[in-house]
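In what follows, chains carry the letters A, B, and so on, assigned in the order in which the sequence lines appear, proteins first and then strands, with residues in each chain numbered from 1. Just so it is clear, the values below take in all heavy atoms, side chains as well, and ignore hydrogens, waters and symmetry mates.
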Amino acid sequence: MLVDYKDTVNLPKTAFPMKANLPQREPEILRGWEEQAIFQRLVASNAERPGAKRFVLHDGPPYANGDIHIGHALNKILKDVVVKYRNLKGEVADYVPGWDCHGLPIELKVDKELGPKKRDMDRAQIIEACRAYARKWIDRQRESFKRLGVFGRWDDPYTTMSKGYEAEIVRTFARAAEKGFLFRGKKPVYWCITDRTALAEAEVEYEDHTSPSIYVAFDLVSPLPEAKLAGKKARLVIWTTTPWTLPANLAVAAHPDFTYVAYELHGQVLVVAKDLLTRFLADCAPDELLVKDVPVAHSPDAHAAATGGGGLVPSAHLVHPERILAYLDGKALEGLIYRHPFMDRESPVILGEHVTLEAGTGLVHTAPGHGAEDYQVGLAYGLEVLNPVDGAGRFTEEAGKYAGKKIFEANAEIVADLQASGHLLSDPKASLRHSYPHCWRCHNPVVFRATDQWFLSLEHDGLRKRTLAAIDRVQWIPRWGRERIYGMIENRPDWCLSRQRTWGVPIPVFYCEGCAEPLVSPAVMGRVAQAFEAEGIEAWYRHAPADFTQGDRCPKCGKAEFRREQDILDVWWDSGVSWAAVAEKRGFGVPVDLYLEGSDQHRGWFHSSLLTSVAIRGQAPYRGVLTHGFVLDGHGKAMSKSLGNTVAPEEIIKKYGADILRLWVSAADYRDDVRISNEIVAGLAEGYTKIRNTVRYMLGALDGFDPARDAVPVEELEPLDRWALAKLAAWDEKVKAAYENYEFHLAYHATMQLCAVDLSSLYFDIIKDRLYTWKKDGKPRRSAQTALWLVCQDVLRLLAPVLSFTASEAWGHLPGRPAESVFLAGLPTRARPADADALEARYGKLFEVRAMVQKKLEEARRAGLIGKSLEAAVTIRAEGETRALLEEAKAELPTLFIVSKVTLADGPSGVDVERAPGEKCERCWIYADDRGVDPAHPTLCGKCASALR
RNA sequence: GGGCCUAUAGCUCAGUUGGUUCAGAGCGCACGCCUGAUAAGCGUGAGGUCGGUGGUUCAAAUCCACCUAGGCCCA
């Protein structure tokens with residue numbers, strides 16, 4: 001009689017496939033979630049629970065422009081892990097994703113798409129085109145984010161361009177105005193005098209242009225800080241290519257670390273930077289030089305000199321080295337007063353790090369109204385922002401005798417005047433061909449010109465101080481986030497809120513038609529907000545100003561006619577008030593629990609949100625701020641299109657699936673920058689296989705197991721099965737702590753450890769015999785299945801925030817699952833077995849012996865003595881405690897070591913391996929002593945024979 | 001140039017307040033076994049002067065300084 005005993009072996013069986021095939025399967029799972037409204041039900045069921053805690057992770061809005069990149073994926077997946085974990089934990093963690101919609105990048109793209117058509121469109125029409133553009137990208141990005149498996153209110157997100165949000169932007173602006181934080185100031189911007197419009201940096205193109213190149217002497221009123229020069233009148237030498245900015249000159253900047261020289265030329269004492277003296281003489285007095293061909297740029301030692309000073313002018317170059325009367329420290333020049341060459345005023349010498357030795361004299365003509373650096377340094381010195389040029393490029397009255405002249409045409413006149421008055425040191429005809437900013441539309445040279453703009457004052461009502469104090473009441477993760485934002489708030493200038501653009505929320509201010517006085521009225525702004533609520537920002541242009549001002553009169557002159565402000569709000573205000581427009585509006589409460597964004601947002605969203613919230617509400621809008629690093633390539637380099645080292649999330653999803661991407665996010669320590677490469681992703685995919693197969697094995701082993709009928713009470717489980725539960729509990733604790741502390745990578749590693757070591761190589765391997773060959777419905781086998789059932793479902797529950805698709809899929813194959821979806825099952829709440837500590841200690845030691853045994857088995861295997869370990873019989877020599885433990889565990893040892901026989905012996909510790917005697921049981925492959933005890937099954941061992949009865 | 005940060009095996013990460021157990025884990029790799037988890041599973045093994053240099057200390061991956069490489073934000 002030939003019995004095929006293989007058919008009697010209870011092998012694992014499951015429909016949960018080994019091959020994940022995630023790219024195909026995930027979309028189906030996604031559909032399932034949507035159809036069953038899993039997220040909505042999850043949040044709703046948590047909200048029903050009495051006393052449920054709320055946890056609000058407020059989404060920082062990505063910009064609605066372009067496809068999502070890997071950084072977006074990292075950010076959204078991290079958020080999703082947090083949201084899912086909190087919900088699983090039973091907290092009400094709703095998540096409303098958002099988009100940032102206004103702003104220059106979209107306006108520029110739309111500009112380009114519209115082309116010349118734009119000229120015939122009014123602002124409302126351009127706005128509509130921008131809306132459509134943003135809408136298109138929101139839809140695309142939304143699908144991409146959903147494909148990542150991110151749960152949220154995708155059907156009801158927030159967008160900064162929705163009417164309600166636009167209204168809220170105005171309301172928050174009104175709140176800030178009411179509290180007195182807004183003021184009007186001047187700031188230079190690029191300006192096209194042909195188109196009479198401000199330009200963004202992106203709208204400026206550099207083209208070659210020929211400018212005058214002149215050296216001008218400014219007469220010092222103060223004496224130079226050098227005794228031997230006492231009584232001598234000295235002059236500061238500046239160089240400029242824009243004579244028309246001289247009427248706006250309010251300072252001369254020197255570098256604090258440069259050395260300057262006082263050089264006597266034609267009876268005047270001229271001050272220039274030491275390293276630029278020869279350059280200056282080459283341009284203005286070549287006869288002073290022995291070497292005529294002085295290079296255009298600075299001398300070779302200029303850099304060394306620039307950093308430390310030291311060294312003298314190479315006197316070999318000079319005809320009259322003795323004309324260097326003195327060397328002066330840059331720092332010592334600060335505060336010297338000079339007289340403007342043609343305006344009736346005196347101005348100071350200031351210090352600035354922006355001064356270079358690249359060109360000029362090391363003394364920089366400074367006009368805060370006409371240059372970004374000039375403006376910056378001017379702020380530090382409290383200089384006025386003087387702009388004597390109107391929008392059409394004509395000098396105003398403030399330019400004195402040049403009033404009414406076109407600035408570029410006035411260049412020649414100014415130079416001639418300087419020459420006549422003896423202030424010009426160079427050839428009046430000298431010119432320079434250089435790269436100069438031009439308007440991208442009309443290609444005429446642009447100017448830098450200060451215009452009136454609105455600012456949020458950092459000093460009003462102690463805003464800066466109060467913001468710094470608020471920072472210390474926020475939990476920054478990692479901690480250094482605090483230092484980062486603190487330093488920024490400490491040093492930043494007032495916030496310029498005006499943008500000279502179209503696509504954004506108008507600054508809700510009007511100006512008196514009579515005296516140009518601004519009307520900053522919270523009541524008027526309220527009407528504006530109401531109009532926006534109904535019509536969007538288009539209302540600003542559709543309605544006459546009177547519709548909003550409604551009879552209000554100018555507080556200064558009493559006139560009742562107004563014109564509207566043309567500028568819009570900085571988009572950082574838009575997203576910066578999301579705490580009001582979203583968290584307050586939707587009743588989440590402010591401050592929210594968490595903002596979670598990349599580390600660039602210390603300057604961005606964390607920053608703008610903090611300022612608006614402290615100004616308006618007096619506290620930070622968040623309790624915690626979590627930052628992650630940037631995604632770098634495999635070599636740790638930043639990704640860029642030009643380097644061609646970008647990795648698109650879409651590509652990974654197509655090749656591996658979103659769960660692999662999610663696993664990548666969870667495995668990385670995101671507090672630092674995170675790397676991604678083919679190698680890394682492939683490695684994660686291997687790790688995924690391990691986890692998946694571990695789960696699959698459990699599901700297979702649970703074939704035919706009905707927990708309601710077959711489960712064994714935990715205290716009656718076999719000791720090894722209780723050990724498995726102890727390991728599960730330890731893992732459970734680690735993983736929960738990792739989620740709580742936002743250290744997800746620790747969860748990943750703990751999970752790999754659990755799957756690869758505790759489960760796969762130890763537990764599963766050891767219980768195989770029990771599962772496969774013992775009596776199918778016997779208690780020992782049911783004991784193992786009970787443990788597996790518990791382990792499997794807890795693993796799935798705790799993995800669900802990360803491996804959402806896989807956990808969801810596997811949950812569907814779990815017999816007797818306690819909830820319809822893994823996401824509705826909650827976190828594991830299982831207690832550790834009462835004797836967990838003892839079990840871990842006992843098996844820990846036994847497994848140490850097991851490792852020794854395996855070493856010897858491997859030797860025997862290499863020697864050809866055995867193949868699989870069941871072919872071995874081992875003798876273990878041990879003494880003391882170990883011997884006692886082994887004696888106690890004697891019956892269990894063959895199972896634990898997966899050998900056919902274990903003999904204990906005296907003597908120094910060691911292991912001997914020999915081939916197991918006798919023949920193997922045809923069914924369980926163990927070389928058993930009692931083979932053939934049942935005459936009905938002569939080739940089987942006693943255990944197998946009884947299993948078949 | 002400034003502010004903040006990072007640097008441990010090929011990869012991803014542990015390494016609490018410096019000290020027997022501190023140079024670890026998993027993966028990958030090499031070699032072998034199994035063929036009853038099979039495009040799986042098991043075993044054994046090789047791999048690092050803890051970015052570099054100098055210092056503090058009886059003792060440093062761990063503290064300090066500088067340097068190198070890299071990241072973000074400014075200028």
Side-chain angles (χ1 to χ4, degrees), chain A residues 5-14 18-19 257 306-307 352-354 356 372-373 376-377 478-488 490-492 598-604 607 627-639 663-664 666-669 671-675 677-690 692-701 743 745-746 748-757 760-762 764-766 768-769 771-773 850-851 853-862 864 866-871 898 923-925:
Chain A
Y5 289 113
K6 182 172 167 128
D7 294 339
T8 72
V9 176
N10 302 304
L11 295 178
K13 191 178 156 212
T14 176
M18 178 147 78
K19 189 163 161 41
D257 299 333
T307 50
E353 304 274 344
H354 65 289
T356 71
E373 286 174 329
Q376 294 290 350
V377 71
R479 283 184 200 288
W480 52 257
R482 185 252 175 214
E483 316 308 326
R484 215 165 177 227
I485 196 163
Y486 197 95
M488 289 172 179
E490 210 170 16
N491 295 315
R492 67 156 297 152
S599 59
D600 56 336
Q601 297 304 324
H602 286 110
R603 168 62 68 181
H607 191 109
T627 35
H628 60 256
F630 273 62
V631 183
L632 311 177
D633 72 10
H635 305 290
K637 297 267 194 276
M639 290 188 180
L663 198 61
W664 165 71
S666 86
D669 183 354
R671 292 168 297 193
D672 189 7
D673 291 327
V674 175
R675 297 181 183 204
S677 65
N678 286 332
E679 187 193 7
I680 291 168
V681 176
L684 263 328
E686 301 264 3
Y688 173 84
T689 300
K690 188 78 205 179
R692 184 176 180 96
N693 279 319
T694 301
V695 169
R696 178 167 185 269
Y697 186 77
M698 291 191 272
L699 291 174
E743 295 176 312
H745 63 290
L746 299 183
Y748 169 79
H749 282 97
T751 301
M752 288 309 297
Q753 195 76 23
L754 178 80
C755 290
V757 180
S760 216
S761 88
L762 285 175
F764 294 174
D765 224 27
I766 293 167
K768 270 178 191 169
D769 183 60
L771 284 172
Y772 296 176
T773 71
R850 186 178 191 262
V853 170
Q854 281 178 323
K855 238 170 233 169
K856 290 294 176 182
L857 289 176
E858 183 62 20
E859 282 174 21
R861 196 172 283 135
R862 304 248 174 196
I866 58 165
K868 61 179 168 232
S869 57
L870 282 177
E871 288 164 9
I898 319 183
R923 184 161 172 277
C924 71
W925 300 344

**Asked** Looking only at atom C1', what distance separates B/U68 and B/A23, rounded to whole Å?
**Response** 24 Å

**Complete:** side-chain contact (heavy atoms from CB on, under 4.5 Å) with A/Tyr486: of A/Glu483, A/Glu490, A/Met488, only one passes, and it is A/Glu490

**Message:** Just the rounded figure in Å: distance from P of B/C34 to CG of A/Asp769.
**Reply:** 18 Å

**Request:** Both distances under 3.5 Å, Watson-Crick or G-U wobble: on that basis, could you give the dot-bracket string for RNA chain B, with [ ] for crossing pairs and | for other-strand partners?
**Result:** (((((((..((((.....[....)))).(((((.......))))).....(((((..]....)))))))))))).

**Asked** If you measure from the C1' atom in B/G15 to the same atom in B/G26, how many Å do you get, rounded?
**Response** 15 Å

**Asked** Just checking, is any N or O donor in the side chain of A/Ser761 or A/Asp765 under 3.5 Å from an acceptor N or O on the other one?
**Response** no

**Asked** Where does B/G48 land, syn or anti, given syn is within 90° of 0?
**Response** anti

**Asked** Looking only at side chains, do A/Arg696 and A/Thr14 share a donor and an acceptor under 3.5 Å apart?
**Response** no

**Message:** For A/Ile680, is there any backbone N or O sitting under 3.5 Å from a side-chain donor or acceptor partner on A/Arg675?
**Reply:** no

**Prompt:** Roughly, in whole Å, what's the span from CG in A/Asn678 to C1' in B/C27?
**Reply:** 17 Å

**Asked** Looking only at atom P, what distance separates B/U12 and B/G3, rounded to whole Å?
**Response** 29 Å

**Item:** Salt bridge present between A/Glu859 and A/Lys855 (N-O < 4.0 angstrom)
**Value:** no

**Message:** Roughly how many Å apart are B/A9 and B/C50, using the C1' atom of each and rounding to a whole number?
**Reply:** 10 Å

**Item:** Side-chain N,O (A/Lys637) to OP1/OP2 (B/G70) below 4.0 Å
**Value:** yes

**Item:** Donor-acceptor contact below 3.5 Å, side chain A/Trp925 vs main chain A/Glu871
**Value:** no

**Fill in**
In 5'-to-3' order, the base (B), backbone-only (S) or no-contact (-) status of each nucleotide in nucleotides 41-47 of chain B, using a 4.0 angstrom heavy-atom cut-off, is SSBBS--

**Message:** Could you go through A/Arg692 and A/Met18, starting from their C-alpha distance and side-chain angles, then the distance that decides it, and tell me whether this counts as side-chain contact (heavy atoms from CB on, under 4.5 Å)?
**Reply:** CA-CA 7 Å; A/Arg692 184 176 180 96; A/Met18 178 147 78; 5.9 Å; no

**Message:** Generate the contact string for nucleotides 6-14 of chain B. Rules: B means base contact, S means sugar-phosphate contact only, - means no protein heavy atom under 4.0 Å.
**Reply:** S---SSBSS

**Prompt:** So A/Ile766 and A/Arg850, side-chain contact (heavy atoms from CB on, under 4.5 Å) or not? Walk me through it.
**Reply:** CA-CA 11 Å; A/Ile766 293 167; A/Arg850 186 178 191 262; 4.0 Å; yes

**Asked** Side-chain donor-acceptor pair under 3.5 Å between A/Arg492 and A/His607, yes or no?
**Response** yes

**Message:** Applying side-chain contact (heavy atoms from CB on, under 4.5 Å) to A/Glu743 and A/Tyr748, what does each step give before you reach the verdict?
**Reply:** CA-CA 9 Å; A/Glu743 295 176 312; A/Tyr748 169 79; over 6 Å; no

**Prompt:** A/Gly487 near the nucleic acid: base, sugar-phosphate alone, or nothing, with a heavy-atom cut-off under 4.0 Å?
**Reply:** nothing

**Asked** A/Ser869 side chain to A/Ile898 main-chain N or O, any donor-acceptor pair under 3.5 Å?
**Response** yes

**Message:** Considering every strand and a 4.0 Å limit on heavy-atom distances, what is the contact class for A/Phe630: base, sugar-phosphate, or nothing?
**Reply:** sugar-phosphate

**Item:** Separation of the C1' atoms in B/G28 and B/G45, to the nearest angstrom
**Value:** 14 Å

**Item:** Gap between atoms CE and C1', on A/Met18 and B/U35 respectively (whole Å)
**Value:** 13 Å

**Message:** Around atom NZ of A/Lys856, are there more than 12 heavy atoms from other residues, nucleotides or ligands closer than 6.0 Å?
**Reply:** no

**Message:** Nearest whole Å is fine: how far is B/A40 C1' from A/Glu686 CD?
**Reply:** 12 Å

**Message:** Determine whether A/Leu857 and A/Ile866 satisfy the following criterion, side-chain contact (heavy atoms from CB on, under 4.5 Å), listing intermediate values before the conclusion.
**Reply:** CA-CA 8 Å; A/Leu857 289 176; A/Ile866 58 165; 3.9 Å; yes

**Sugar-phosphate only, base, or nothing, as touched by A/Gly687 at under 4.0 Å among non-hydrogen atoms** = nothing

**Prompt:** How close or far is atom P of B/C33 from atom CH2 of A/Trp925, stated in whole angstroms?
**Reply:** 17 Å

**Message:** Quick check against the 3.5 Å criterion: does A/Arg671 have a side-chain atom that pairs as donor or acceptor with the backbone of A/His628?
**Reply:** no

**Asked** B/G10 and B/A30: how far apart are their C1' atoms, nearest whole angstrom?
**Response** 13 Å

**Fill in**
In whole angstroms, the gap separating P of B/C33 from NZ of A/Lys868 amounts to 13 Å

**Rounded distance in Å - OH (A/Tyr486) to C1' (B/C73)** = 19 Å

**Prompt:** Looking across every strand, which nucleic acid part, if any, lies under 4.0 Å from A/Arg692 by heavy atom: base, sugar-phosphate, or nothing?
**Reply:** nothing

**Prompt:** Between A/Gln753 and A/Gly629, which has a closest nucleotide on RNA chain B that is more 5'?
**Reply:** A/Gln753

**Message:** Roughly how many Å apart are B/U16 and B/G51, using the P atom of each and rounding to a whole number?
**Reply:** 14 Å

**Message:** Quick check: any donor-acceptor pair below 3.5 Å linking the side-chain of A/Arg484 to the base of B/C72?
**Reply:** yes

**Prompt:** Quantified in whole Å, what is the P atom distance between nucleotide B/U56 and nucleotide B/C74?
**Reply:** 41 Å

**Message:** Rounded to whole Å, please give me the gap between CZ in A/Arg603 and P in B/C73.
**Reply:** 11 Å

**Asked** If you find the nucleotide of RNA chain B closest to A/Gly481 and the one closest to A/Thr773, which residue's nucleotide is nearer the 5' end?
**Response** A/Gly481

